[in-house]
Amino acid sequence: MANKPSIPKGTRDFSPLEMARRNHIFDTIRRIFKVHGFLPIETPAMENLSSLMGKYGDEGDKLLFKILNSGDFKALLSPEDLSQTPAGKLGTMISGKGLRYDLTVPFARFVVQHRNELTFPFKRYQIQPVWRADRPQRGRYREFYQCDVDVIGSTSLLNEFELIQIIDEVFTALGLKVVIKLNNRKVLAGIAEVIGAPERMTDITVAIDKLEKIGQEGVLAELEQKGLSQDSIQKLDPLLLMEGSTQEKLEFLKKFLKASEIGNEGLSELGRLLDYVETDPVGADLEFDLTLARGLNYYTGSILEVKSAEVSIGSICGGGRYDDLTGIFGLEGVSGVGISFGADRIYDVLNQLERFPKRATLDTTLLFVNFGETEVKHIIPILGSLRKNGIATELYPEQAKMKKQMTYANSREIPFVALVGEQEIQDGHITLKEMETGKQERLTPEELVERLSSAK
RNA sequence: GUGGAUGUAGCUCAGUAGGUUAGAGUGCUGGAUUGUGGUUCCAGAGGUCGCCGGUUCGAACCCGGUCUUCCACCCCA
């Protein structure tokens, strides 16, 4: 043992306590996905690199984990390749597979590949880890879980509405206060059009996205640096100063985007979506946020993002509509919309607020003390009947000192201990000790099942 | 990918003008208490001071590199 064992940067082990808490999150999310009629799928951890590359922008390509080809990958490279190709490119030449970066792109691949077996609109959920070669920080890991729900094969805004309801239900169930931010890519496209730079939508939205952080002047400076014309920048300026309620902002944009067909379409979608929400208002704060852009470049319509109202950790859920995603895999004209919950960040938020249910850790209900072979043999059938009745029961595997066995029960937070020694065997009873109060009672095996069924 | 911090017992942390056997609390093991845990008392085990190298008679402490974790940027769940 020369070196202590370790795990790769940005990955984590999970203890039983952490697992109980993580499962609380997954179970809550899964339950709500199910009652909305979504169906589960899973896809492989690795995908062909060709399925992944170019789907997340240049930045995303850099963050993909690539899997080295087996065999003599050196033979794939000529001497010129080795000396002239940049190191980043070289990776893709000796690698044909990569770890998935999100669940949406593999889902699009799945839909195209299985299109004949699926019934559309197809509503699926998927809870699996994804990997990104990012530099780790708080709330940012290299391996983390996403919980995705998507509807594909329907353009109805009812789907967006349902996703908003799901978000609200999940965070209500988890006891978190959140802000849901809403925007529409068509509005952003309209803005780029109106200010005379339709080709620069990405640069413009990325800059606007930083409004809160770097301010109005910062945004304008960044756009100037990116080579946007003075004329366009001047036209954009009033938009950055826009204030007021969601309704007021939409009114303002209506005038601003008057000349843009796509912009109007975006506004209309936003308006209709908000109308749906009004029929059954959500508990969370729902606001229109022009500065919401979202990096993934396949979004084309509604985009949304959820942030904790109590802890600053980045977004804990996000998503949007994508009209062209399956087109990349050869299936045109299928629109989808979906969101992704970041389970690890939700965990961090709940942890920081100490808002996990108290008994999320409780597993074993009853421990039998081990007094020796004779007693053990007498106990074994009783263990069976307790477990058949759904009572989580353990027998201490060693004939250790009483104190040691009691300490075990105590540190495991097992609420009941059963004592069966010589006396108990003789009169057919079990001594049950309730750890919290220290009270003891003598029960028959049937009474024990009865007693613990009501206590668990 | 760029810049900046961090790393001492299982855990939380003390410990520098570089100088004998590196400390505390908590946890762990044993005993007081051979069928009764959480409180108390006593005793004990546990550290190549992240790793590698350098300076020095001598390094936990100074210097360089490396890894980890964290912070800012970038981006994002």
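Just so we're on the same page: letters track the sequence lines, and every chain starts at 1.
What separates CG of A/Asp134 from C1' of B/rC70 is a distance of 15 Å, to the nearest Å. A straight line from CG of A/Asp61 to C1' of B/rC76 spans 15 Å, rounded to a whole angstrom. Spacing between atom CZ of A/Arg132 and atom P of B/rG1 amounts to 17 Å, rounded to whole angstrom units. Distance A/Lys62 NZ to B/rC73 C1': 14 Å, rounded to the nearest Å. The separation between A/Arg142 atom CZ and B/rA77 atom P is 17 Å, rounded to whole Å. Rounded to whole Å, the distance from CD1 on A/Ile303 to P on B/rA77 is 12 Å. Between the P atom of B/rG37 and the CZ atom of A/Phe416 lies a distance of 19 Å, rounded to the nearest Å. Protein atom NZ of A/Lys439 is 17 Å distant from nucleotide atom C1' of B/rG38, rounded to whole Å.
Across all strands shown, A/Gly10 has heavy atoms under 4.0 Å from sugar-phosphate atoms exclusively, and none from any base. Contact annotation for A/Gly314: no contact, since no heavy-atom pair falls under 4.0 Å across all strands. Nucleic acid contact class of A/Cys317 (heavy atoms, under 4.0 Å, all strands): sugar-phosphate only. If you check every strand for non-hydrogen atoms under 4.0 Å, A/Gln137 touches a base. Residue A/Gln405 is out of contact with every strand shown, counting any heavy-atom pair closer than 4.0 Å. No contact: A/Gly60 has no heavy atom under 4.0 Å from any strand. A/Tyr145 comes within contact range of no nucleotide atom at all, as no heavy-atom separation falls under 4.0 Å. When heavy atoms are screened at a 4.0 angstrom cut-off, A/Val349 is found touching no nucleic acid atom at all. Heavy atoms of A/Gly57 sit nowhere under 4.0 angstrom from any nucleic acid atom. When heavy atoms are screened at a 4.0 angstrom cut-off, A/Lys307 is found touching no nucleic acid atom at all.
Relative ring orientation between A/Phe33 and A/Phe341 is described as tilted, the plane-to-plane angle lying within the 30° to 60° band. By the 30° and 60° cut-offs, the orientation of the rings of A/Tyr347 relative to A/Phe356 is tilted. Ring planes of A/Phe107 and A/Phe110: parallel class, angle under 30° (limits at 30 and 60°).
Between the side chain of A/Thr172 and the main chain of A/Asp168, a donor-acceptor pair closer than 3.5 Å is present. Side chain of A/Arg185 to main chain of A/Ser302: no donor-acceptor pair is present (N/O by atom type, distance under 3.5 Å, no hydrogens or angles). Under the 3.5 Å distance criterion, the side-chain polar atoms of A/Glu287 are left unmatched by any main-chain donor or acceptor of A/Ile180. At distances below 3.5 Å, not a single donor-acceptor pair connects side-chain atoms of A/Arg124 with backbone N or O atoms of A/Val151. Between the A/Asn23 side chain and the A/Met19 main chain, a donor and an acceptor come within less than 3.5 Å of each other.
Where RNA chain B pairs in unbroken runs of 3 or more (Watson-Crick or G-U, both distances under 3.5 Å), the stems are B:1-5 with B:69-73, B:10-13 with B:23-26, B:28-32 with B:40-44, B:50-54 with B:62-66.
Out of B/rU36, B/rG35, B/rC71, the shortest distance to the side chain of A/Lys433 is found at B/rU36. The listed nucleotides are B/rC76, B/rG37, B/rU68; the one nearest the side chain of A/Lys9 is B/rU68. Distance from the side chain of A/Gln440 is smallest to B/rU36 among B/rU36, B/rC73, B/rG3. The A/Glu59 side chain lies nearest to B/rC75 when the options are B/rU2, B/rC75, B/rG37. Side chain of A/Lys401, nearest nucleotide from B/rG31, B/rG30, B/rA77: B/rG31. Comparing B/rG35, B/rC76, B/rA72 by their closest approach to the side chain of A/Leu419 singles out B/rG35. The side chain of A/Thr407 has B/rG37 as its nearest neighbour among B/rC70, B/rG37, B/rG35. Closest contact between the side chain of A/Gln423 and the listed nucleotides B/rA32, B/rG35, B/rC76 involves B/rG35. Side-chain atoms of A/Arg138 lie closest to B/rC70 of the nucleotides B/rC70, B/rG30, B/rC76.
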Next on the checklist: Set out, in order, the CA-CA distance, both residues' side-chain angles and the distance that settles salt bridge (Lys or Arg N to Asp or Glu O under 4.0 Å) for A/Glu398 and A/Lys404, then state yes or no.
Outcome noted: CA-CA 10 Å; A/Glu398 309 283 335; A/Lys404 184 160 187 171; over 6 Å; no
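Of the residues A/Leu290, A/Leu220, A/Thr291, the one that meets the side chain to side chain contact (heavy atoms under 4.5 Å, CB included) test with A/Leu240 is A/Leu220. Across A/Lys66, A/Lys97, A/Arg109, a single residue satisfies salt bridge (Lys or Arg N to Asp or Glu O under 4.0 Å) together with A/Glu47, and that is A/Arg109.
In the interface, the side chain of A/Arg412 is not paired with the base of B/rG37 through any donor and acceptor atom under 3.5 Å apart. A/Glu424 contributes a side-chain N or O that forms a donor-acceptor pair with the base of B/rG35 under 3.5 Å. Side-chain N/O atoms of A/Arg345 and base N/O atoms of B/rC76 include a donor-acceptor pair closer than 3.5 Å. Contact of A/Asn410 with B/rG38 (side chain to base): no donor-acceptor pair of N or O atoms is detected under 3.5 Å. Applying the 3.5 Å distance criterion, the base of B/rU69 shares no donor-acceptor pair with the side chain of A/Arg12.
Spacing between B/rA45 and B/rG10 at atom C1', rounded to whole Å, works out to 13 Å. Here the separation of B/rG27 from B/rC70, taken at their C1' atoms, is 26 Å to the nearest Å. Separating the P atom of B/rA22 from that of B/rA9 is a span of 14 Å, rounded to the nearest Å. With both ends at atom P, the span from B/rA24 to B/rA43 equals 13 Å, rounded to whole Å. Across B/rU6 and B/rU66, the matching C1' atoms stand 15 Å from one another, rounded to whole Å.
Sorted by residue number, the list of members of residues 28-43 of chain A with any non-hydrogen atom under 4.0 Å from RNA chain B is empty. Near RNA chain B, meaning a heavy atom under 4.0 Å away, there are no residues from residues 375-384 of chain A.
For A/Glu422, the CD atom is loosely surrounded, since the number of other residues' heavy atoms within 6.0 Å does not exceed 12. Sparse packing is recorded around CE of A/Met46, with 12 or fewer heavy atoms of other residues, nucleotides or ligands lying under 6.0 Å away.
For the pair A/Arg22 and A/Phe14, the distance from NZ or CZ to the six-membered ring centre is under 6.0 Å and the angle to the ring normal is within 45 degrees.
Two residues, A/Gly421 and A/Gln146, neighbour RNA chain B, and the one matched to the more 5' nucleotide by heavy-atom proximity is A/Gly421.
Side chains of A/Cys317 and A/Ile167 form a contact here, defined as non-hydrogen atoms less than 4.5 Å apart.
Aromatic rings of A/Phe65 and A/Tyr101 (six-membered ring for Trp) have centroids beyond the 6.0 Å cut-off, not under it.
Not one side-chain nitrogen or oxygen of A/Lys213 sits closer than 4.0 Å to the OP1 or OP2 atom of B/rC75.
In this structure, A/Tyr408 does not count as stacked on the base of B/rG37 under the 5.5 Å centre distance and 30° plane angle limits.
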